[in-house]
Amino acid sequence: MTKDYEKKWQKRWAEEKAFKTREDGEKSYLLIEFPYPSGNGLHVGHTRPYTAMDVIARKRRMQGQSVLFPMGWDAFGLPTENTAIAKRIHPSVVTRDNVELFRKQSDALGYSFDWDREVNTTDPGYYKWTQWIFLKLFENGLAYKARMPVNWCTSCLCVLANEEVVDGVCERCGSAVVRREKSQWMLKITAYAQRLIDDLDMVDFNDRVKAQQRNWIGRSEGAEADFATTAGDILRVYTTRPDTLFGATYMVISPEHPFIEKWKEKLENYREIDDYRAGAARKSDFERTELAKDKTGVMLSGVCAVNPVTGKEIPVFVSDYVLMSYGTGAIMAVPGHDTRDWEFAKKFNLPIVEVVAGGNIDEAAFLDTESGKMVNSGFLDGLEVGEAKKKITAWLVEKGLGEAKVNYKLRDWVFSRQRYWGEPIPIIHCEKCGAVPVPYEELPLTLPMVDSYEPTESGESPLSKMREWVEVKCPKCGGAAERETDTMPQWAGSSWYFLRYTDCNNDRELASREAIEKWMPVDWYNGGMEHTTLHLLYSRFWHKFLYDIGVVPMPEPYKKRTSHGMILGEGGEKMSKSRGNVVDPGDIVAEYGADTMRLYIMFIGDFEKAAAWASQAVKGCRRFVEKVWALSEKAKATLNVSPATEVLLHKTIKKVTEDIEQLKFNTAIAQLMTLTNELGAGGATKGDLYVLLRLLSPFAPHTAEELWEKLGFKELCCKQKWPEYDPRKVIDSEVEIAVQVNGKLRASIVLPLDSGDGDVIKAALGDARVAQYLAGKTPDRTIVVRNKIVNLVIKP
RNA sequence: GCCGGUGUGGUGGAAUGGCAGACACGCGCGACUCAAAAUCGCGAGGGAAACCGUGGGGGUUCGAGUCCCUUCACCGGCACCA
């Protein structure tokens, strides 16, 4: 036996267009995250989700469904640009070569993508529509340019979205991220915060994904409240604990709070405050989050605030534990019932007042909102915390001092990048008219060819050097104007690509309404957990926007989302070049064949959990392929199935059919192995293989085709009808019944299926071993579970 | 701190509340071989045995890896977010 037949079948599938999307059956849109085509080629981490969805696609096709299983390339991005710079070739050439490499590797693994629907985000015919969506966002006030402190990656030399900063460093390259004041394009994802939470209820995503998205959006309910100050200005705060208002003994404002400048003349210690503010500004994100354990701050002298319920004057501090970017940038501090405020109060010797009974505020802030009642709180005394919240909020509203308020941690999406290899942002800046959209008929606004696309320290996009491209007439007034030179982030093209697959060559619309209605929403989307708060959130946002402007008829793009576990290196370490434990799927294909690779990556363990690669174990799957091969070579000519294994055969059809849909590929393969082993012992017939090969074909399609042909069956195996089991034949005629005495297994008896309780008990009592344990006594109670177990209970 | 998840042989992992360890790797023994590899066959949770065994402790049940309470450990997400 050889594995040389794999190429032959890959060719046949392509020639016969075996995987062309059909339109006639029940639609099934199966999606995997399209890859970024890096120069390293497909790695083993790709093969897990790809093979899994390929198995499902192949199986559903055989079941007669119209499967849309497409593939494309998320090809804009920094690594390509960096390779292009290093090798002095244009990024588009690098992209083309890499795509070709990926495509070849993908075919070598036998994936059944419909290549007629291939998309590439760097294709102007594609990004025309990415730009179109951007203009629509702009038109609807959801894209705006703002000058603000942003995350700047010191190595990529461009800004990053909040979602791209992990533990204070760049999620892509791991370099330090610092704050820079820059003018940036922003997308108002915050306008969709509530709907992004609410609509999670209508989709089938796994709990981890839903929880992570909710965490990231970070909704909290509370109230805003106004505090009068001796400076005359009203200082508004946001709090989730308005019930503790009587316990607010001081206030804290963020170092960036505008009142500091406003109050400059009144502040006796302005210099000290300014120094503190400067120190806070110098801190990187990393320092601000990691090192800020010990509370620091400065009290404002010359200005103080008034607690609106107690009427007492309370001091105001500036401290960097209060963030300008959340709430109002100012808080009321309730040291009795907030850990941070408690620490701060202890350090600065501020009064700590108990307003919810039940804790010991000398020791720690009391945070429980369930058990205690309000104390020292005037008209709130005696109330439960929940009631107190309602009452005080109503009071604030009545007095015109505040209102109920919901806040989100989610920030708007920083959408511009100072790099070359991305979609140009189709905006023209005019002195007179401001930001003017490039007219729709001029889309796509293509990337100009440039001599050098190196990023700059100054944060200017490489495009800004292309003066003849940059300098244009304003489309509105005709005056001199300049193009926006920043490009879009990599997440732009991937935020809507699943729509393009439905109608990938359309040059009048991003996809026709008809195609969208036929195929959307995506029935099943599998992808990595690392994209939960990036691509998955962004694309849900864009889709909701497209829904609002009537481009798509459904508010959620994905019906079901699952995530595969990571493939770790041998020994459980993360795979990395530096550790030298990277597995190249191409090597496995070369050594064992694609079918073995596919089987192993599916057999490796629970699909949703991380699994360590074990090169030793690969050969087990290879042996399995060889066993099936041997079975087929010795097969008896009859088309009848072997009577001895008929029940097992039907059980296998049932289990494989069900397990595939539940991502339980490992147990589906185990069942196929069991059947193969049993058939090997008794000798298989052509009829047995007629079933087995079809069940095997989603996992090991090449072997299935080859043996299918050798046995003389006509047409491609992958085009056959999926086997169905006979419910009457998945049942054994005899069953083994376990006998327990007092819940402990003591014997096992074989009886006809569905024996009556009386017969079961009689047989159990007749067993010698059971008799020994009963020691002559009669059971006080017997429990019979039909066809499974009998438990004889005797009192001690 | 909050949220989510996971703990089962030497290893990856199976088990609608009903015989724990399917299937596979690795291992041991045997066959074939001058020998080894490959292949085939057999064996195995631990323990001499009674028995004990699904991170620990309680509980529900005739019966718990599975359900409930509690506790520990590890992984992931969020986090001076008021």
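Numbers restart at 1 for each chain; the letters A, B, ... are given by sequence-line order, proteins then strands.
Between the CG atom of A/N215 and the P atom of B/G5 there is a distance of 12 Å, given to the nearest Å. Per the geometry, CD1 belonging to A/I783 stands 15 Å off C1' belonging to B/A64, to the nearest Å. A straight line from CG of A/D767 to C1' of B/C19 spans 14 Å, rounded to a whole angstrom. For A/Q740 and B/C19, the CD to P distance is 8 Å, given to the nearest whole Å. Atom P of nucleotide B/U6 and atom CG of A/N206 are separated by 11 Å, given to the nearest angstrom.
To the nearest whole angstrom, the two C1' atoms, one in B/G65 and one in B/G13, are 14 Å apart. Rounded to whole Å, the P atom of B/G63 lies 25 Å from the corresponding atom of B/A15. Only the C1' atoms considered, B/G12 is 15 Å distant from B/U6, to the nearest whole Å. Rounded to a whole angstrom, the distance from the C1' atom of B/G41 to that of B/U61 is 44 Å.
Remark: the A/E608 side chain and the A/H564 side chain contain no N/O donor-acceptor pair separated by less than 3.5 Å.
Across all strands shown, B/C78 pairs with B/G1; the Watson-Crick or G-U wobble distances both stay below 3.5 Å.
Nucleotides of RNA chain B nearest to A/Q616 and A/I669 differ in position, and the one nearer the 5' end is that of A/I669. Residues A/Y238 and A/A211 each lie close to RNA chain B; by heavy-atom proximity, the contact nearer the 5' end of the strand is made by A/A211.
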Which donor-acceptor pairs under 3.5 Å do side chains of residues 747-766 of chain A form with protein atoms, sequence neighbours excluded?
{"residue": "A/S748", "atom": "OG", "partner": "A/E736", "partner atom": "OE2", "Å": "2.8"}
{"residue": "A/D754", "atom": "OD1", "partner": "A/N787", "partner atom": "ND2", "Å": "2.9"}
{"residue": "A/S755", "atom": "OG", "partner": "A/P752", "partner atom": "O", "Å": "2.6"}

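Aromatic rings from A/Y592 and A/Y600 are positioned such that their centres are separated by 6.0 Å or more.
Nearest nucleotide to the A/M673 side chain, out of B/C23, B/G26, B/U16: B/C23. Distance from the side chain of A/F603 is smallest for B/A24 among the nucleotides B/C78, B/A24, B/C52.
If you check every strand for non-hydrogen atoms under 4.0 Å, A/A610 touches sugar and phosphate atoms only.
The side-chain hydrogen bond (donor to acceptor under 3.5 Å, both in side chains) check on A/E171 picks up nothing, with sequence neighbours excluded.
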